[in-house]
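So the structure is just underneath, and the comments pick up after that.
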Amino acid sequence: MSDHVTIIDHPLVQHKLTEMRKKHTSTAGFRRLLHEIAHLLAYEVMRDLPLQKTQIETPLEPMMAPTIEGKKLVLVSILRAGDGLLRGVLDLVPQARVGHIGLYRDHKTLEAVEYYLKVPSDIGDRAVIVVDPMLATGNSSSAALTRLKEVGAKNMKFLCLLAAPEGIEVLKKDHPDVPIYTAAVDEKLDEKGYIRPGLGDAGDRMFGTK
Ligand code: URA
């Protein structure tokens with residue numbers, strides 16, 4: 001697509017995403033698949049983390065072995081659906097710090113309104129991965145990235161499961177410095193702001209709140 005967007009096209013990711021899209025997939029099934037797919041997405045989004053050599057002792061001899069360089073990552077979940085993706089990503093980096101940002105989408109204007117923000121105070125010294133399964137209009141994601149920059153975040157990536165072309169354009173325009181990682185880019189947004197063909201409301205499907 002472009003350097004700005006990485007589509008994670010691994011067959012396991014694509015297969016699991018298809019299972020998640022199916023309308024008869026249960027809440028438990030959706031949650032399990034989201035957890036599994038989060039591992040695979042996390043693996044890709046962290047592919048270029050810098051490494052440093054550290055002295056360790058194997059049972060046989062000392063060696064210089066690679067470890068991830070720098071301070072622990074920060075994962076920021078955009079509430080509430082971001083939490084579904086967060087858990088699987090955290091499995092891979094259990095030492096990561098976690099931030100939350102709460103934005104709701106005004107259903108009339110489709111604009112983002114902030115209601116919660118809590119992130120580590122040294123977020124500016126850390127690499128940040130912002131997670132939200134659905135990049136739809138891009139309004140709430142863009143607003144979240146703007147707020148995170150205001151509180152100091154400098155080095156961010158945006159990880160989602162599914163994106164609409166419209167949302168990608170908004171993020172590209174507002175935050176050209178933040179690369180996007182997604183499993184797929186669907187056809188379009190509908191008039192209610194849903195991604196089509198999509199998978200429905202990700203929050204409702206993972207929490208069973210429909
Ligand atoms: N959020 C969702 O959960 N689903 C969509 O299709 C769009 C936004």
Side-chain angles (χ1 to χ4, degrees), residues 1-2 4-27 29-38 40-42 44-45 76-89 101-113 129-146 156-176 178-210:
M1 187 158 221
S2 78
H4 197 80
V5 182
T6 301
I7 298 182
I8 302 169
D9 58 359
H10 192 287
L12 284 173
V13 170
Q14 296 303 314
H15 183 89
K16 288 179 195 299
L17 175 58
T18 299
E19 292 301 308
M20 295 178 80
R21 288 181 188 274
K22 291 180 183 171
K23 68 177 181 185
H24 293 303
T25 297
S26 66
T27 300
F30 190 91
R31 206 179 277 154
R32 177 182 50 77
L33 286 159
L34 181 60
H35 194 76
E36 291 170 3
I37 212 168
L40 302 164
L41 300 177
E44 277 303 321
V45 80
V76 177
S77 161
I78 301 183
L79 296 171
R80 77 186 155 142
D83 272 19
L85 208 46
L86 172 72
R87 285 179 209 149
V89 180
I101 182 161
L103 299 152
Y104 67 85
R105 194 163 45 144
D106 185 303
H107 276 290
K108 284 207 186 87
T109 63
L110 302 184
E111 291 295 321
V113 184
I129 301 172
V130 180
V131 297
D132 189 358
M134 309 297 272
L135 175 56
T137 62
N139 292 336
S140 56
S141 308
S142 177
L145 295 178
T146 300
M156 290 192 281
K157 291 179 174 178
F158 185 86
L159 176 63
C160 61
L161 177 61
L162 206 50
E166 294 87 339
I168 287 177
E169 283 314 308
V170 168
L171 281 204
K172 257 191 196 169
K173 179 168 76 60
D174 296 351
H175 300 285
V178 181
I180 301 166
Y181 292 77
T182 184
V185 180
D186 272 9
E187 204 182 309
K188 59 171 186 191
L189 277 187
D190 70 15
E191 64 290 349
K192 291 191 174 138
Y194 281 98
I195 299 175
R196 296 296 187 108
L199 51 73
D201 187 302
D204 281 344
R205 294 202 63 189
M206 73 182 73
F207 296 121
T209 44
K210 187 92 184 143

Output all residues satisfying side-chain contact (heavy atoms from CB on, under 4.5 Å) with [X], sequence neighbours left out; order by chain, then residue number.
X	value
E169	K172
R31	T27
A183	V13, Q14, L17, L41, L161

Mind running side-chain contact (heavy atoms from CB on, under 4.5 Å) on I129 and M156 for me, showing each step along the way? CA-CA 6 Å; I129 301 172; M156 290 192 281; over 6 Å; no

Is there side-chain contact between L199 and M134, with heavy atoms separated by less than 4.5 Å? yes

Are V5 and T182 close enough that some pair of their side-chain heavy atoms sits under 4.5 Å apart?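 Touching, per the 4.5 Å side-chain cut-off.
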
How long is the span from the [atom1] atom in [X] to the [atom2] atom in [Y], to the nearest 0.5 Å?
X	Y	atom1	atom2	value
H15	H10	NE2	NE2	13.0 Å
L159	Y181	CG	OH	9.5 Å
M20	I37	CE	CD1	6.0 Å
S77	L85	OG	CG	8.5 Å
L103	S140	CG	OG	6.0 Å
R196	D190	CZ	CG	4.0 Å

Main-chain N/O of [Y] paired to [X] side chain as donor or acceptor, under 3.5 Å:
X	Y	answer
E166	A136	no
D204	G208	no
D186	G198	yes
T25	F30	no
H4	V178	yes

Quick check: closest heavy atoms across [X] and [Y], and the distance to 0.1 Å?
X	Y	answer
V170	S142	CG1-CB, 4.1 Å
T209	G203	OG1-O, 4.0 Å
P165	E187	CG-O, 3.4 Å

Would you check if there is a donor-acceptor pair between the side chains of T146 and H175 at a distance under 3.5 Å? yes

Determine whether the side chains of R205 and S26 contain a donor N or O and an acceptor N or O closer than 3.5 Å. no

Short N-O contact, K192 and D201, less than 4.0 angstrom: no

Between D132 and R80 (salt bridge meaning N to carboxylate O under 4.0 Å), is one present in this structure? no

Report the C-alpha separation of I101 and V76 in whole Å, then their side-chain angles, then the decisive distance to 0.1 Å, and conclude whether the side-chain contact (heavy atoms from CB on, under 4.5 Å) test is met. CA-CA 7 Å; I101 182 161; V76 177; 4.0 Å; yes

Test applied, salt bridge (charged side-chain N to carboxylate O under 4.0 Å, His left out); reference residue, E19; option that passes from K23, K16, R21, K22: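 Checked K23, K16, R21, K22 against E19; only one passes salt bridge (charged side-chain N to carboxylate O under 4.0 Å, His left out): K22.
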
Determine, step by step, whether I7 and V185 satisfy the side-chain contact (heavy atoms from CB on, under 4.5 Å) criterion, reporting the C-alpha distance in whole Å, the side-chain angles of both residues, the deciding distance to 0.1 Å, and the verdict. CA-CA 8 Å; I7 298 182; V185 180; 3.9 Å; yes

From CA spacing to verdict: side-chain contact (heavy atoms from CB on, under 4.5 Å), S141, F158: CA-CA 9 Å; S141 308; F158 185 86; 3.5 Å; yes

